[in-house]
Amino acid sequence: MAMIKKQRLDKLKNKASELLNRSLDQHINLAVTGLSRSGKTAFITSLVNQLINEGHGSRLSFFDPVHHGNFIAAKRVPQKNLSIPRFDYDKAISSLTSDIPSWPEPTHGISELRLAIRYQPKKSLLKYATDMATLTLDITDYPGEWLLDLPMLNQTYEQWSEQTQVLLSAAPRDKHSQEFLVKVGQIDPFGAVDEELLAQLSKEYTKLLHTFRYELGLSVIQPGRFILPAELAGAPILEFFPFPNLNTIDGNDYQNASDDSFIGMLRSRYIEYKEQVVKVFYQQHFLRFDRQIVLADCLTPLNACSDNSGSESFADLQLAIDMILESYSYGKSGLFSRLFSPKIDKLLFAATKADHVTAEQHGPMVSLLDQLIYQSKHKLNYEAIEMKTLAIAAVKSTTSGKTLHKGQRISVIQGNTLPKGQESTAKITLFPGAVPEKLPEKNYWQQSAFNFINFLPITGMEKHEPLPHIRMDQVLQFLLADKMI
Ligand SMILES: Nc1nc2c(ncn2[C@@H]2O[C@H](COP(=O)(O)OP(=O)(O)O)[C@@H](O)[C@H]2O)c(=O)[nH]1
Ligand SMILES: [Mg+2]
């Protein structure tokens with residue numbers, strides 16, 4: 001009898017402690033996004049590196065759990081979602097720390113990594129229950145380009161075509177798109193579809209999007225998935241394009257067009273794309289995120305240009321950020337609130353690569369980013385999401401100092417580059433220019449005010465040591481600290 005009682009009691013105890021543990025364990029789904037080359041891979045690599053090497057002389061003084069001594073340790077653990085590629089931390093850290101360091105290779109899709117962070121609860125009720133709690137951090141890296149497709153969910157094929165035509169017909173896109181628009185204009189929308197021609201024109205449209213992004217430095221790319229298709233590369237679901245002047249054809253004929261007419265097939269591919277690609281991404285991934293960091297490279301578009309392309313690419317970046325942030329203001333719009341239950345409580349905007357300018361330029365960098373997101377931020381405030389803007393460098397690759405120039409002391413930065421065709425790196429010292437605090441006027445670019453060089457990572461960084469950074473501790477403070485008290 002006594003024996004049975006004891007067994008039962010033990011069972012109960014175990015159950016209680018299991019329940020307790022479950023509620024003790026905290027969990028954050030952190031999403032990292034930004035347009036390609038904004039610095040996502042470098043950012044995640046540094047974030048993981050700072051946490052797992054904490055204690056080896058890392059500089060995280062603005063991260064309270066470290067500052068107050070309740071951070072214990074962090075380690076990588078297997079991710080839960082086995083169908084998503086793993087974020088390749090080891091490869092990234094290897095290229096950063098090799099003899100001639102290089103930046104990690106660009107990735108083209110979504111990836112995930114899970115960290116278990118041990119800490120000692122000091123303030124929360126947890127301190128009465130345990131000496132050590134675990135915060136599980138799931139980090140997801142996904143292309144910001146994919147978010148650019150969200151507004152399409154609210155648009156019919158006609159509306160999207162019309163809007164895209166306006167974009168394609170204006171500077172700076174017009175010069176490049178004319179040939180494509182003329183070709184499509186020659187097609188009889190109600191004629192039987194020629195799938196080969198449709199595939200060919202889709203290729204041309206995708207090529208245009210590549211030119212906009214990588215040659216003109218523009219950010220509004222739609223569908224964004226076309227330039228970063230990941231596992232969908234070559235799939236027919238990515239074969240469609242906008243059809244110009246749809247408003248000039250008969251509305252009834254358009255509505256009644258069958259799927260094997262040219263226009264009918266374009267329309268059904270568009271609808272299929274929204275259902276199978278855009279919606280699925282949001283439902284499978286977006287819905288899970290609790291916290292989001294949006295990375296933006298505001299320095300590259302500032303780079304010295306003798307023409308107006310700087311101001312155009314800046315305006316385009318602003319529009320893209322606005323489109324991206326539309327994904328978060330689901331509360332107001334009926335469609336989005338039905339599709340996605342809003343969960344994100346913290347949103348961090350980071351202006352990346354702050355090591356490209358001297359420290360006194362970081363203030364202006366933040367103001368500039370604030371200006372870029374100003375409009376959307378207003379809409380979001382309404383949704384009660386906590387927001388912050390920071391200028392950061394995930395992997396600091398320069399040193400700064402003063403130098404005499406024409407009798408004046410000016411701040412300069414120094415970094416490594418690999419001159420074309422050479423084997424060894426060279427040091428460059430330069431004054432990169434002043435970051436404007438506001439969205440620059442047109443004449444800013446005529447003075448070619450900014451000099452941005454793609455520095456190499458510094459040599460001598462070690463795999464098992466924290467990487468040098470700027471304000472990664474403030475990033476951690478904002479994103480994690482409240483869950484570790
Ligand atoms: N100097 C410096 N350059 C950076 C930093 N982060 C990224 N970069 C540069 O930006 C490029 C793109 O970064 P990456 O992380 O691959 O961007 P992703 O496409 O958003 O994943 C890198 O190859 C580097 O040249 C940084 O913290 N400092
Ligand atoms: Mg990447």
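Both counts, for ligands and for their atoms, begin at 1 and track the order of listing. Computed from heavy atoms alone, side chains included, the values below leave out hydrogens, waters and symmetry copies.
- Contacts between L35 and ligand 1 below 4.0 angstrom, taking non-hydrogen atoms only, involve the backbone exclusively.
- For a threshold of 3.5 Å applied to N or O pairs, the pair formed by K396 and ligand 1 contains no separation below that value.
- Among S95, A354, A42, the residue whose heavy atom sits closest to atom 6 (N) of ligand 1 is A42.
- Using a cutoff of 4.0 Å between basic side-chain nitrogens and carboxylate oxygens, K175 and E312 are not scored as salt-bridged.
- Closest to atom 9 (C) of ligand 1, if we only count protein heavy atoms, is K353 CE, 3.6 Å.
- Comment: D316 engages R173 in a salt bridge, judged by a side-chain N to carboxylate O separation of less than 4.0 angstrom.
- For T107, no nitrogen or oxygen atom sits less than 3.5 Å from a nitrogen or oxygen atom of ligand 1, counting backbone and side chain alike.
- Taking any N or O of P104, backbone or side chain, none lies under 3.5 Å from an N or O belonging to ligand 1.
- Ion pairing between a basic and an acidic side chain is recognised when a charged N comes within 4.0 Å of a carboxylate O; R291 and D345 show such pairing.
- At the shortest separation from atom 19 (O) of ligand 1 among protein heavy atoms lies R37 N, 2.8 Å.
- Considering the Mg ion (ligand 2) as centre, the angle to OG1 of T41 and to OG1 of T107 is 100° (10° rounding).
- Checking A394, A92, S397, P457 against atom 27 (O) of ligand 1, the nearest heavy atom belongs to A394.
- Residue, atom and distance of the protein heavy atom nearest to atom 17 (O) of ligand 1 are G39 N, 3.0 Å.
- Between R86 and D141 no salt bridge is recorded (no basic side-chain N to carboxylate O distance below 4.0 Å).
- In this structure, F63 and F71 have perpendicular ring planes: the angle between them is above 60°, well past the 30° mark.
- Nearest-heavy-atom check against atom 23 (O) of ligand 1 across W103, F455, F43 picks out W103.
- Between R114 and D138 a salt bridge is recorded (basic side-chain N to carboxylate O distance below 4.0 Å).
- Using a cut-off of 4.0 Å between Lys/Arg side-chain N and Asp/Glu carboxylate O, R59 and D473 are scored as not salt-bridged.
- When only interatomic distances are considered, the shortest N/O to N/O separation between S36 and ligand 1 does not fall below 3.5 Å.
- Protein heavy atom in closest approach to atom 1 (N) of ligand 1: D355 OD2, 2.8 Å.
- A salt bridge links E145 to R213: at least one charged side-chain nitrogen sits closer than 4.0 Å to a carboxylate oxygen.
- At least one N/O-N/O distance between V395 and ligand 1 falls below 3.5 Å.
- For the pair K346 and F478, the cation-pi criterion (under 6.0 Å, within 45° of the ring axis) is fulfilled.
- Look at S36 and the Mg ion (ligand 2): no N/O/S atom of the residue is under 2.8 Å from the metal.
- Relative orientation of the H285 and F281 rings is tilted, given thresholds of 30° and 60° on the angle between their planes.
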